[in-house]
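Convention: sequence-line order gives letters A, B, ...; per-chain numbering from 1. Being a predicted model, the structure only gives us computed values, none of them experimental.
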Number of protein chains: 2
Amino acid sequence: MPTLAADPTVLANRLRPVLLKLNRQLRREIHSLGVTGGQVALLVQIKQHPGIGIRKLAALERISVPGMSKFVSRLEEAGLVQRAPVEGDQRRVELRLTAAGQKVLRSVRSKRTAWLSARLHALDPDELDAIDAAIEPLLNLLEAEEA
Amino acid sequence: MPTLAADPTVLANRLRPVLLKLNRQLRREIHSLGVTGGQVALLVQIKQHPGIGIRKLAALERISVPGMSKFVSRLEEAGLVQRAPVEGDQRRVELRLTAAGQKVLRSVRSKRTAWLSARLHALDPDELDAIDAAIEPLLNLLEAEEA
DNA sequence: GGCATTTCGTTAACCAGGTTAACGAATCGG
DNA sequence: CCGATTCGTTAACCTGGTTAACGAAATGCC
């Protein structure tokens, strides 16, 4: 039974190693289609914000602009996204999924063979609920600093 | 309100981006003393298992043996850990914290200025409880595959 | 005792995922 | 029309990993 009214600093020290190890595993989830978790996240964002630019996308994903430029280049080389010039502003670029990108996204979403999905299947329903309930608070952790 | 009896695959797809972004932030938590979260985790393990070898440590942290060797080398160069020869087996090494390593660990543990700690302080008690309650299930996710 | 096998750690070479610094081109505002 | 800003790219660099190959030491066995 977890301690109620957890001390934030103590909680941080317990949470950190868990996140660390989970992400080490997730990094290896470079599954079948050759796309990493990070790349999938990018595809999702582009799908949800068609025509978005590098800069906004970088902000959404919380990485630097040059970093985003590089990742998008990789996705473009892989044929999953398309850089299109913006009408009336030749500095900007509009990003969109290609047909191949959409296909990848569809097939990834239903994938149950990925490490995380497989491990979650092994948990009890109440454990799943506990994780489920933590997702929003964890998201709030990130949104807090957008202010 | 989170969905009860969450579908593991759906939950995985919601969880992944959260973990991804959290870890991107955590990576920048290279605070004052110049040690990263991963390095702190290592120091903690060495403290809890004094005299542990590279191989076991690598298994505990779920990374490869050569990777661990490299990280330990860095920590040794930084003067935080000490490689000592093992009595009666000259292949092995025993790892121990130096005084400096213990000092770093003490000062890190109480640090409330780190990003994660600061953000957690901004959450409601019930959100903290939700996160707290999710830690064990998340750990189980990792332990499951030790079997 | 001697030799094959296994165990332990290191090194080298490589890749992904970032970062900051510097820049060039285009747009915008006075 | 010119200075300042905005957008994206490139280059150089770092951390955190990986696999492959290896050398030295210990173990098992005949």
Side-chain angles (χ1 to χ4, degrees), chain A residues 16-17 19-31 34-43 46 51-78 81-95 115, chain B residues 16-17 19-31 34-43 46 51-78 81-95 115:
Chain A
R16 238 181 302 254
L19 294 177
L20 189 74
K21 287 171 196 167
L22 280 174
N23 263 48
R24 284 208 265 247
Q25 292 300 127
L26 282 183
R27 180 169 313 185
R28 296 179 231 197
E29 254 195 352
I30 313 169
H31 48 277
V35 287
T36 67
Q39 289 173 328
V40 170
L42 229 62
L43 293 178
I46 294 175
I52 193 174
I54 297 286
R55 217 152 194 107
K56 280 193 177 178
L57 193 50
L60 276 179
E61 285 293 307
R62 309 182 160 268
I63 70 177
S64 67
V65 172
M68 184 54 72
S69 180
K70 200 166 66 170
F71 293 154
V72 167
S73 295
R74 274 214 273 265
L75 288 176
E76 197 179 19
E77 283 169 23
V81 313
Q82 183 196 12
R83 269 186 178 96
V86 169
E87 189 98 2
D89 188 343
Q90 295 191 299
R91 294 167 305 181
R92 312 187 54 168
V93 187
E94 283 184 345
L95 301 173
W115 174 84
Chain B
R16 238 182 302 253
L19 295 177
L20 189 74
K21 287 172 197 167
L22 280 173
N23 262 49
R24 285 210 265 247
Q25 291 300 126
L26 282 182
R27 179 170 311 186
R28 298 180 231 199
E29 255 195 349
I30 313 168
H31 48 278
V35 287
T36 68
Q39 289 173 328
V40 169
L42 231 62
L43 292 178
I46 294 174
I52 194 175
I54 297 285
R55 219 154 193 102
K56 282 192 177 177
L57 193 49
L60 276 179
E61 286 292 307
R62 309 179 162 273
I63 70 177
S64 68
V65 173
M68 184 54 73
S69 179
K70 202 165 67 169
F71 293 155
V72 167
S73 295
R74 274 214 273 265
L75 287 176
E76 197 179 19
E77 283 169 22
V81 314
Q82 185 196 8
R83 268 186 179 96
V86 169
E87 190 96 0
D89 188 342
Q90 295 191 298
R91 295 168 303 180
R92 315 189 49 167
V93 256
E94 283 183 346
L95 301 173
W115 175 85

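Regarding A:Glu94, its CD atom lies at a distance of 14 Å from the C1' atom of D:dC7, rounded to whole Å. Atom CG of B:Leu26 and atom P of C:dG18 are 12 Å apart (whole Å). For the pair B:Met68 CE and D:dT19 C1', the interatomic distance rounds to 17 Å; values are reported in whole Å. One atom, CD of B:Gln25, and another, P of C:dG17, lie 17 Å apart when rounded to the nearest Å. Spacing between atom NZ of B:Lys21 and atom C1' of C:dG17 amounts to 16 Å, rounded to whole angstrom units.
Scored by the side chain to side chain donor-acceptor pair (under 3.5 Å) test, B:Ser64 finds no partners at all (sequence neighbours excluded). For B:Glu76, the side chain to side chain contact (heavy atoms under 4.5 Å, CB included) test picks out B:Val81, B:Arg83, with sequence neighbours left out. B:Arg91 meets the salt bridge (Lys or Arg N to Asp or Glu O under 4.0 Å) test with B:Asp89; sequence neighbours excluded. Take A:Leu20 and apply the side chain to side chain contact (heavy atoms under 4.5 Å, CB included) test, not counting sequence neighbours, and it matches A:Arg24, B:Ala41, B:Glu61. B:Glu94 meets the salt bridge (Lys or Arg N to Asp or Glu O under 4.0 Å) test with B:Arg96; sequence neighbours excluded. In terms of the side chain to side chain donor-acceptor pair (under 3.5 Å) criterion, A:Gln82 has no residue partners (sequence neighbours excluded). Evaluation of the salt bridge (Lys or Arg N to Asp or Glu O under 4.0 Å) rule for A:Arg92 yields no partner, not counting sequence neighbours.
For the OP1/OP2 pair of D:dG8 and a distance below 4.0 Å, the side-chain nitrogens and oxygens of A:Ser69 include no atom meeting the criterion.
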Could you list all N or O pairs between the protein and nucleotides 13-17 of chain D that sit under 3.5 Å apart?
unit_1: D:dG16; atom_1: OP1; unit_2: B:Thr36; atom_2: OG1; d: 3.0
unit_1: D:dG17; atom_1: OP2; unit_2: A:Arg24; atom_2: NH1; d: 2.7
unit_1: D:dG17; atom_1: N7; unit_2: B:Lys70; atom_2: NZ; d: 3.1
unit_1: D:dG17; atom_1: O6; unit_2: B:Lys70; atom_2: NZ; d: 2.5

Output one line per pair: protein atom, nucleotide atom from nucleotides 6-8 of chain C, and distance, for all N/O pairs under 3.5 Å.
unit_1: C:dT7; atom_1: O2; unit_2: B:Arg91; atom_2: NH1; d: 2.8

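Residues B:Leu75 and B:Leu95 form no side-chain contact, since every pair of their non-hydrogen atoms from C-beta on lies 4.5 Å or further apart.
Taking every side-chain heavy atom of A:Gln90 into account, C:dA26 is the closest of D:dG8, D:dT19, C:dA26.
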